[in-house]
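So the structure is just underneath, and the comments pick up after that.
What's counted below: heavy atoms across the whole structure, side chains too, no hydrogens, waters or symmetry copies. Residue numbers run from 1 in the order of the sequence given. Bear in mind the structure is a predicted one, so any value in this text is a computation, not a measurement.
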Amino acid sequence: MNLAPRHLRTAYRNRTLRPSDVVAHVLSRLADDDQSGVWISTVEPAQALAAARALDARIGEIERLPLYGLVFSVKDCIDVAGEPTTSACPEFGYVAESSSPVVADAIAAGAIYVGKTNMDQFATGLVGVRTPYGIARNPHNPSYIPGGSSSGAAVSVATDTSSFAFGTDTGGSGRVPASYCGVTGFKPAPGAFSQRGMVYACRSFDTISLYTREPQDAYDVYRVLARPDPEDSFSPIDFPGWHEQPSPARPLRLATPRHDQLKFFGNAETESLFAAALEKLGRLGLPIAPADFAPFTSINDLMFLGPFLAERDASVGAFLDAHPQAGVQIVRDLVTGSRRFSAADAYRALYRVKDVQRSLRDFWQAHDALVVPTVGTVLRIEDVARDPLTSNFNNGYYTNYANPLGLAAIAVPNAMTGAGVPYGVTFLAPAGRERLLTDLAGAFMGAASRPEPLRRVAI
């Protein structure tokens, strides 16, 4: 069954499907082989069916319920009232008293919750294998990782058990799994969504993210749910991405890293696939200029090798101290290892971020968006087992800097490798250009079939 939002809403309007039909189908799928390792917990069937039947009776309100009858999953570091939150650590688990505002708003808009998805423990990883709940099966080649940390969320969309899925993104967790699973990963700039009701990785710049099949579906869900939260101390009073931005009266100007700054970690195939992606953009008539990528990557080491790790200690370090046998060892080592950094180190890191943001002002005046590979290479499960730290760092080369720098991003499919694993690209821009990024990503995905060059992307 096709669970894409626009497809389902059309079927509901035509009365060829009801929400209860869709939920019954999804519930019947949760034990299938392709769902192996995807779910940490799932909704009580009677509860989901009751919610769906209530929506059956409200079909006349579909235009007032923008997410009517869409089924969604939630990464298991985000709270759903009455459901366990484990952050992929069973000893840490608790039953949430209330839902994240983003989840509550989705349900109020007509969406139907189906379960909590697997993840790298405490959202500490970009590989999707750091979990005691099994590895979410890559839907294209199970020998390969699904990407992390939001592994189960991406797989639930790729295998049509969710219309959309909530992930989170700190250093790439809302984008890397999109590449490995062949779906869209939409990460608004930090501040767009409320941060309440979640287990933080780096509270200073975490954001909830979205997985869908198509870019427009992600943006449509985003527009419904993005809003200020007066009870969240990290929620801005105003935010550029909450407003539709006017279209520039000129062709969009794209930047990409200089050739000497691109890294594919010895994979000639993925290097060729990214070159083909740039050619595809060229067919859209979009100017692409090589640019200095060093300011962006200069932030990367702060994430998993620097003092930003200490925010994870602030979030879950006391729990790890009190439960010395809990936690995946590599996650525990990373979190507690952050204690080697001083307060002065943290301030130096913050100064570094501010300096880079200032240095990029002219860049963002000259360019509408940056296009990069989502990941440099594709990794097998055995590759990560052999060298878990390097593989994780490599997966973050094109992603780690985005949230500290306050950027929005959208990751979309590009091509398939010879091993049958999807390989994607990501478009990034400052807050307020979410509409631009969505249209650019949509145009890119349709470029192969467009008979005429697209001179300008409608915003």
Val26 and Leu3: CA distance, side-chain angles, deciding distance, side-chain contact (heavy atoms from CB on, under 4.5 Å) verdict: CA-CA 9 Å; Val26 170; Leu3 299 190; 3.7 Å; yes
Plane angle bin for Phe265 and Tyr397 - parallel if under 30°, tilted between 30 and 60°, otherwise perpendicular: perpendicular
Decide whether Thr161 and Gln35 meet the rule of one side-chain donor and one side-chain acceptor closer than 3.5 Å. yes
Does Arg253 reach the side chain of Leu286, with side-chain heavy atoms less than 4.5 Å apart? no
Straight-line distance of Ser162 OG to Tyr113 OH, nearest 0.5 Å: 10.5 Å
Ring centre gap for Phe72 and Phe166 strictly below 6.0 Å: yes
Give the intermediate values and the outcome of side chain to side chain donor-acceptor pair (under 3.5 Å) for residues Arg130 and Thr124. CA-CA 8 Å; Arg130 298 173 174 178; Thr124 301; over 6 Å; no
Salt-bridge present (Asp217, Arg6; N to O < 4.0 Å): yes
Distance-only side-chain donor-acceptor flag, Ser100 / Asp79, under 3.5 Å: no
Let me know which of Phe296, Phe308, Phe205 forms a ring pair (Phe, Tyr, Trp, His ring centres under 6.0 Å) with Tyr401. Phe296
Should the pair Arg435 and Tyr219 be classed as cation-pi, given the thresholds of under 6.0 Å to the six-membered ring centre and 45° from the axis? yes
Taking CD in Glu61 as the centre, count heavy atoms belonging to other residues, nucleotides or ligands within less than 6.0 Å. Is the count above 12? yes
Taking Ile40's backbone N and O only, do any of them form a donor-acceptor pair with Asp76's side chain (distance below 3.5 Å, no angle check)? no
Could you tell me whether Glu63 atom CD has more than 12 heavy atoms of other residues or ligands within 6.0 Å of it? yes
Electrostatic pair Asp169:Lys75 at N-O distance under 4.0 angstrom: no
Could you tell me whether Asp345 and Arg348 make a salt bridge, using a distance below 4.0 angstrom between a side-chain N and a carboxylate O? yes
Could you state the interatomic distance from CG (Asn138) to CG (Leu379), rounded to the nearest 0.5 Å? 11.5 Å
Gap separating the CZ atom of Phe234 from the OH atom of Tyr200, nearest 0.5 angstrom: 8.0 Å
Can you tell me how far OG of Ser391 sits from CD1 of Ile145, rounded to the nearest 0.5 angstrom? 7.0 Å
Tell me, yes or no, whether the heavy-atom count around Tyr94 atom OH, taken from other residues, nucleotides or ligands under 6.0 Å, exceeds 12. yes
Within this structure, what is the CD-CZ distance for the pair Gln121 and Phe92, rounded to the nearest 0.5 Å? 10.0 Å
Regarding Glu83 and Ser41, do their side chains bring together a donor and an acceptor under 3.5 Å, going by distance alone? no
Should Thr159 and Val38 be marked as a side-chain contact (heavy atoms from CB on, under 4.5 Å) after you check the CA-CA gap, both sets of side-chain angles, and the distance that decides it? CA-CA 10 Å; Thr159 57; Val38 173; 5.7 Å; no
Treating Arg175 as the side-chain partner and Thr399 as the backbone partner, does any N or O pair qualify as donor plus acceptor under 3.5 Å? yes
Spacing of Tyr133 atom OH and Cys89 atom SG [to the nearest 0.5 Å]: 7.5 Å
Derivation and outcome, side-chain contact (heavy atoms from CB on, under 4.5 Å), residues Tyr398 and Thr374: CA-CA 6 Å; Tyr398 296 106; Thr374 306; over 6 Å; no
Checking Asn394 against Lys263: is there a side-chain donor and acceptor pair closer than 3.5 Å? no
Assess the side chains of Ser315 and Arg203: does a donor N or O sit below 3.5 Å from an acceptor N or O? no
For Arg213, is there an ion pair with Asp160 - N to carboxylate O distance below 4.0 angstrom? yes
